[in-house]
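First the structure, in the form of structure tokens, and then the observations on it.
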2 protein chains.
Amino acid sequence: MDEAAPQKGTVTERAIEEIKAMIAEGRLEPGQRLPTERELAARLGISRSSMREAIRALTVMGVLEARHGSGIYVTALEAGDLLETFGVVADLSRGPRLVELLEVRRILESTATALAAARITADQLAAVEKHLAAMNATDDPEEILAHDLAFHREIASAAGNETMAAILDGLSSRTFRARVWRGYQEEGAFARTRREHAAIHRALAAHDPEAARAAAAAHVGEVEEWLRAQLGG
Amino acid sequence: MDEAAPQKGTVTERAIEEIKAMIAEGRLEPGQRLPTERELAARLGISRSSMREAIRALTVMGVLEARHGSGIYVTALEAGDLLETFGVVADLSRGPRLVELLEVRRILESTATALAAARITADQLAAVEKHLAAMNATDDPEEILAHDLAFHREIASAAGNETMAAILDGLSSRTFRARVWRGYQEEGAFARTRREHAAIHRALAAHDPEAARAAAAAHVGEVEEWLRAQLGG
DNA sequence: GCCAGCCGAGTGGTCCGACCACTACGCGTC
DNA sequence: GACGCGTAGTGGTCGGACCACTCGGCTGGC
């Protein structure tokens with residue numbers, strides 16, 4: 001019938017492209033359920049094993065979601081779904097690449113904080129303050145890190161760009177920060193971090209974008225410079 | 001013997017984490033060859049099928065590279081390898097998400113262009129000019145788009161941050177731009193785009209970071225505003 | 001002695017069929 | 001009417017078989 005398959009690349013890659021195209025062209029809507037693995041495989045004329053590999057790849061990328069016993073669904077395709085893999089990049093980057101990543105974070109974080117200063121609501125500001133207080137009230141590094149992350153996430157969210165917030169979240173992923181912090185805290189940078197956070201909060205409360213941008217840039221730049229020095233000598 | 005497996009999640013997910021951990025902890029170096037699929041599967045006590053799904057997922061993410069008949073290798077783990085999936089995000093984003101993505105691009109592109117203005121060498125500037133000239137010398141939309149992409153990639157590269165360049169490359173991926181351009185060009189924005197590119201080039205040649213930042217921000221912002229208007233009404 | 005070509009072992013790529021684990025829905029029971 | 005059980009159907013896992021390709025060593029001729 002339709003043996004026009006050009007045979008480009010592996011069959012699994014073709015399957016991946018096929019499903020991506022279905023979504024991009026609107027043949028599959030976010031949240032919609034896909035045909036079963038067995039039918040998808042039959043439809044493309046490939047084995048279920050190959051189709052499963054394609055589905056797994058898209059699942060890991062956050063495009064699809066497989067529910068055991070129920071079916072395969074397209075995710076909401078929101079920023080958070082698709083940008084989760086960004087954390088992997090941060091986890092596997094090393095050396096000079098890590099500094100570059102931190103530079104990207106500095107650029108985005110400073111802009112996001114500036115935007116947040118202009119737009120933040122009272123409720124959002126209260127949430128920021130909650131994490132700031134919790135961060136200063138404990139000595140458990142684990143807990144401090146968690147509230148630190150939430151602190152910045154809340155700010156990024158207040159900037160009104162969920163995509164940017166998701167990227168920043170990935171750039172500040174757990175292992176990434178933990179790795180850098182390990183040696184950083186030992187140099188008494190603890191107090192400095194606390195001061196920087198206070199400065200950021202002050203700028204947000206005053207709705208001062210320029211001050212917020214400067215404070216955020218300095219905050220990230222601090223770590224950036226330290227890391228650069230570590231690599232240099 | 002060692003039945004301490006906590007059984008969290010699917011076996012494939014565990015395999016993915018296992019391999020990622022091997023790389024993150026330095027047990028696997030960039031470029032190094034992995035054991036065979038069959039051995040990896042045996043080592044983790046899972047079937048080859050499941051292991052293949054894990055490998056496929058990591059391959060798509062740009063962490064691993066499978067060479068038929070030869071073996072599986074860790075990629076160089078350079079920015080380009082890992083951030084290739086970023087293009088998928090751009091391809092699948094729609095509506096408000098697309099505007100947010102463009103906003104992120106505006107922020108990064110303007111900063112990258114400003115950095116490039118300060119650091120660009122004569123050779124790099126010549127490369128930029130080459131694409132600019134080629135872009136203005138043809139009417140083929142396909143070719144224009146290609147040179148447009150190369151124009152910006154060259155600039156991002158001159159900024160000295162390969163990670164940022166890779167991200168911008170993903171944000172400007174083929175289908176992403178083609179999709180937006182389709183309707184954009186019809187409104188006579190062609191001449192305006194050409195003027196904006198000229199302004200960017202002028203700022204680069206003059207080594208004027210502030211002018212470069214403004215020109216790049218305006219260039220991206222132009223498309224951003226148009227897209228925002230499309231969605232609004 | 002050297003080089004070209006062949007060839008086989010080993011690798012990833014694909015397929016098949018079976019079974020397990022879980023979910024969802026309907027039917028029967030209370 | 002609500003509850004609970006059973007069953008059909010789904011994704012998850014497994015094992016084995018075969019194909020397509022790569023690469024190194026071997027063989028043969030020059």
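Chain letters run A, B, ... following the sequence lines, proteins first and then strands; every chain starts at 1.
A tilted orientation is assigned to the rings of His197(A) and Phe151(A), their planes being inclined by 30° to 60°.
Regarding Ile72(A), its CD1 atom lies at a distance of 10 Å from the P atom of dT10(D), rounded to whole Å. Here the P atom of nucleotide dG15(D) and the CD atom of Glu53(B) are 14 Å apart, to the nearest Å. Note: CG (Leu64(B)) to C1' (dG12(C)) measures 13 Å, nearest angstrom.
A donor and an acceptor atom, one from each side chain of Ser50(B) and Ser47(B), are located under 3.5 Å apart.
Partners of His147(A) under the ring pair (Phe, Tyr, Trp, His ring centres under 6.0 Å) rule, at least two apart in sequence or in another chain, are His131(A).
A distance-only check finds no donor-acceptor pair linking the side chain of Thr75(B) to the backbone of Asp81(B) [under 3.5 Å]. At least one donor-acceptor pair under 3.5 Å links the side chain of Ser110(A) to the backbone N or O of Ile107(A). In this structure, the side chain of Ser157(B) does not engage the main chain of Arg153(B) through any donor-acceptor pair within 3.5 Å.
In this structure, Arg94(A) places its CZ atom where more than 12 heavy-atom neighbours from other residues, nucleotides or ligands lie under 6.0 Å away. More than 12 non-hydrogen atoms from other residues, nucleotides or ligands lie less than 6.0 angstrom from CD of Glu25(A).
Contact between the side-chain N/O atoms of Arg48(A) and the OP1/OP2 oxygens of dC15(C) is not found at any separation under 4.0 Å. Taking side-chain N and O atoms only, Ser49(A) has no distance below 4.0 Å to OP1 or OP2 of dC16(C).
Comparing Ile46(A) and Gly71(B), the nucleotide of DNA chain C nearest to each residue sits closer to the 5' end for Gly71(B).
Once rounded to the nearest 0.5 Å, the distance linking CG of Leu102(B) with CZ of Arg228(B) reads 8.5 Å.
A heavy-atom distance below 4.0 Å to DNA chain D is reached by these residues of residues 54-62 of chain A, ordered by number: Arg56(A).
Proximity note for Thr10(A) (side chain, C-beta onward) versus dG15(D), dT14(C), dC15(C): the nearest is dT14(C).
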What does the list of N/O pairs under 3.5 Å between the protein and nucleotides 19-24 of chain D look like, with a distance for each?
residue : atom : partner  : partner atom : Å
dA20(D) : N3   : His68(B) : NE2          : 2.9

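Heavy atoms of Ser50(B) sit under 4.0 angstrom from primed sugar atoms or phosphate atoms, though from no base atom.
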